[in-house]
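Only one structure is covered here, and it is reproduced in the block below.
A note on names: the letters A, B, ... follow the listed sequences, proteins ahead of strands, and every chain is numbered from 1. Since the structure is predicted, the reported quantities are computational estimates derived from the model, not experimental observations.
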Number of protein chains: 2
Amino acid sequence: MNPPAVRLLVCDDHAVVRAGLLALLGSAPGIEVAGEAGSGEEAVALATKLAPDVVLMDLQLGAGMDGAEATRLITAAPDAPRVLVLTTYDTDADITRAVEAGATGYLLKAERPEELFAAVHAAARGRPTLSPPVADRVMARMRSPRPSLTTRERDILAQLTQGLGNREIARALFISEATVKTHLRRIYDKLGVETRAGAVAVAKEQRLLA
Amino acid sequence: MNPPAVRLLVCDDHAVVRAGLLALLGSAPGIEVAGEAGSGEEAVALATKLAPDVVLMDLQLGAGMDGAEATRLITAAPDAPRVLVLTTYDTDADITRAVEAGATGYLLKAERPEELFAAVHAAARGRPTLSPPVADRVMARMRSPRPSLTTRERDILAQLTQGLGNREIARALFISEATVKTHLRRIYDKLGVETRAGAVAVAKEQRLLA
DNA sequence: TCCGGGGTCAACCGATCGGATGACACAGGC
DNA sequence: GCCTGTGTCATCCGATCGGTTGACCCCGGA
């Protein structure tokens, strides 16, 4: 006799995609779709109410709570369900945030459906799954120590992406222009750029900010 | 007796999403999924080979041909199928390019599945469908004459997002620095920013390029 | 305890940018 | 034929930025 089906909660803000996932997963062997959520808030609520085995979570959820935050809240509960992230992007920042938030696995939407089914089952047993491109990035990160920015540098960068000048950034963060310049220099070095425009481009490209 | 089912070709580069759409649409009344494509090139080829009534097209297709280009090629053929764009984004640039490429409708993935079914049937009969947010943007564009950049201004902006200085941009485009500055000034005015960093941010944010 | 990383600040200088203005050529539309 | 939009170029100047160097404080780990 087969083990009981994995009870699954699907969270994705795009109704069409969500409906597609429900239709797809509903027909998968050994998987039972327990519910669906269109926002992070809803996912957190339903995770408690429905007590599924696995939550399939998109990271980009439009307005409101994002997928990483929802994952954090869901996995914080005692006897929490496993969270399997299913998203489009494989940037370092996204992966890191998801894993730190307690995700059990990280799958790309570009993955084959069979891989998704397998990952859901694996997650139910607490076994992690990473899409190959994601695994590559994790490995690469291991090898190259830390290309990441400090908290303060991210603050500066955030202001920079608003198009503010040094004086305005200084005022916004209650520090001197000199300090702003110091941070900017380090940011340029870390990002491998020479100008503020380049820094903004890299920041947006690699999603370095929330 | 019912009319024959609408024959549909689904194009999306994310295998999981594509499989979900197939599962979803396969169970919809009056719709028959004729095939699926994971790239623009494949979609163009299958559009000819399968001669579907409607092609459901994602705009972001990762590497290779993008959805707009595929739409252009598909609709260029005599007796071509209708192309219904189904995507995540509702930026002016995306909408404009899709419509210019010959799309019959523009739906967001956030739309309800029933709307998608209705839009597919509408498209089969040549009737356009626009998601409400998309319609809003089109209307807004009608009212405010010109928020768009000229070809040359986009060239400049593209260089700017590489973090290049005025001199480098000038050399790259074989024009003088003075000309670069003139274009930049107009770009700033159009985008409502004051600095190059701000311009890059807006460009990335609103996907004004590529 | 010493050391290193993170965060803060200062002063100086050359290079670059942004602002303002004016000009010319060419295209297409009225 | 005129006018508008686009693309090109120039000059001048003040403001800002980027580069460099040096410094101080705090904290936590070796």
Salt bridge present between A/Glu153 and A/Arg186 (N-O < 4.0 angstrom)
no
At a cut-off of 3.5 Å, list every protein nitrogen or oxygen paired with a nitrogen or oxygen from nucleotides 17-24 of chain D, distance to 0.1 Å.
unit_1 : atom_1 : unit_2   : atom_2 : d
D/dC17 : OP1    : A/Asn166 : N      : 3.0
D/dC17 : OP1    : A/Arg196 : NH1    : 3.3
D/dC17 : OP2    : A/Asn166 : N      : 3.3
D/dC17 : OP2    : A/Asn166 : ND2    : 3.3
D/dG18 : OP1    : A/Tyr188 : OH     : 3.2
D/dG18 : OP1    : A/Arg196 : N      : 3.2
D/dG18 : OP2    : A/Tyr188 : OH     : 2.8
D/dG18 : OP2    : A/Arg196 : NE     : 3.3
D/dG18 : N7     : A/Lys181 : NZ     : 3.1
D/dG18 : O6     : A/Lys181 : NZ     : 2.5
D/dG19 : OP1    : A/Glu194 : OE1    : 3.3
D/dG19 : OP2    : A/Arg185 : NE     : 2.8
D/dG19 : OP2    : A/Arg185 : NH2    : 2.2
D/dG19 : O6     : A/Lys181 : NZ     : 3.0

Without placing hydrogens or testing angles, list every side-chain donor-acceptor pair under 3.5 Å for residues 47-59 of chain B, not counting sequence neighbours.
unit_1  : atom_1 : unit_2   : atom_2 : d
B/Thr48 : OG1    : B/Val44  : O      : 3.4
B/Asp53 : OD2    : B/Arg7   : N      : 2.7
B/Asp58 : OD1    : B/Thr87  : OG1    : 3.4
B/Asp58 : OD2    : B/Lys109 : NZ     : 3.4

For a quick check of understanding: with a heavy-atom distance under 4.0 Å over all strands, which category does A/Thr179 fall into, base, sugar-phosphate or nothing?
base
Among all residues two or more places apart in sequence or in another chain, which pass the side chain to side chain donor-acceptor pair (under 3.5 Å) test with A/Glu41?
none
Check residues 33-40 of chain A and write down every donor-acceptor pair under 3.5 Å in which the side-chain atom is one partner and the other belongs to a residue at least two apart or another chain.
unit_1  : atom_1 : unit_2  : atom_2 : d
A/Glu36 : OE1    : A/Arg18 : NE     : 2.8
A/Ser39 : OG     : A/Glu42 : N      : 3.2

Passes salt bridge (charged side-chain N to carboxylate O under 4.0 Å, His left out), B/Arg171 versus B/Glu168? Steps please.
CA-CA 5 Å; B/Arg171 269 203 261 271; B/Glu168 297 164 299; over 6 Å; no
With sequence neighbours left out, write down each residue that passes side chain to side chain donor-acceptor pair (under 3.5 Å) with B/Gln162, or none if nothing qualifies.
none
Straight-line distance of B/Leu9 CG to B/Ile74 CD1, nearest 0.5 Å
7.0 Å
Does anything in residues 117-134 of chain A form a side chain to side chain donor-acceptor pair (under 3.5 Å)? List the pairs, not counting sequence neighbours.
A/Glu111-A/Ser131
Euclidean distance, atom CG of residue B/Asp189 to atom C1' of D/dT6 [Å, nearest integer]:
15 Å
Closest-nucleotide ordering on DNA chain D, the 5'-leading residue of B/Thr151 and B/Ala178
B/Thr151
How bent is the helix from C/dT1-D/dA30 to C/dC30-D/dG1, comparing axes over its five end pairs at each side, to the nearest 10°?
40°
How would you list all residue pairs meeting side chain to side chain donor-acceptor pair (under 3.5 Å) that involve residues 173-185 of chain A, not counting sequence neighbours?
A/Ser176-A/Thr179, A/Arg185-A/Asp189
Report yes or no: does A/Glu115 contribute a side-chain atom to a donor-acceptor pair with the main-chain N or O of A/Arg112 at less than 3.5 Å?
no
Set of side chain to side chain donor-acceptor pair (under 3.5 Å) partners for A/Asn166, sequence neighbours left out
A/Arg196
Heteroatom pairs (N/O) under 3.5 angstrom, protein to nucleotides 27-30 of chain D:
none

Could you list the residues that satisfy side chain to side chain donor-acceptor pair (under 3.5 Å) with B/Arg82, not counting sequence neighbours?
none
Distance, nearest 0.5 Å, that separates CD1 of B/Ile169 from CG of B/Leu184:
5.5 Å
Provide the start and end nucleotides, 5' to 3', of the part of DNA chain C that has atoms under 4.0 Å from heavy atoms of chain B.
C/dT16 to C/dG19
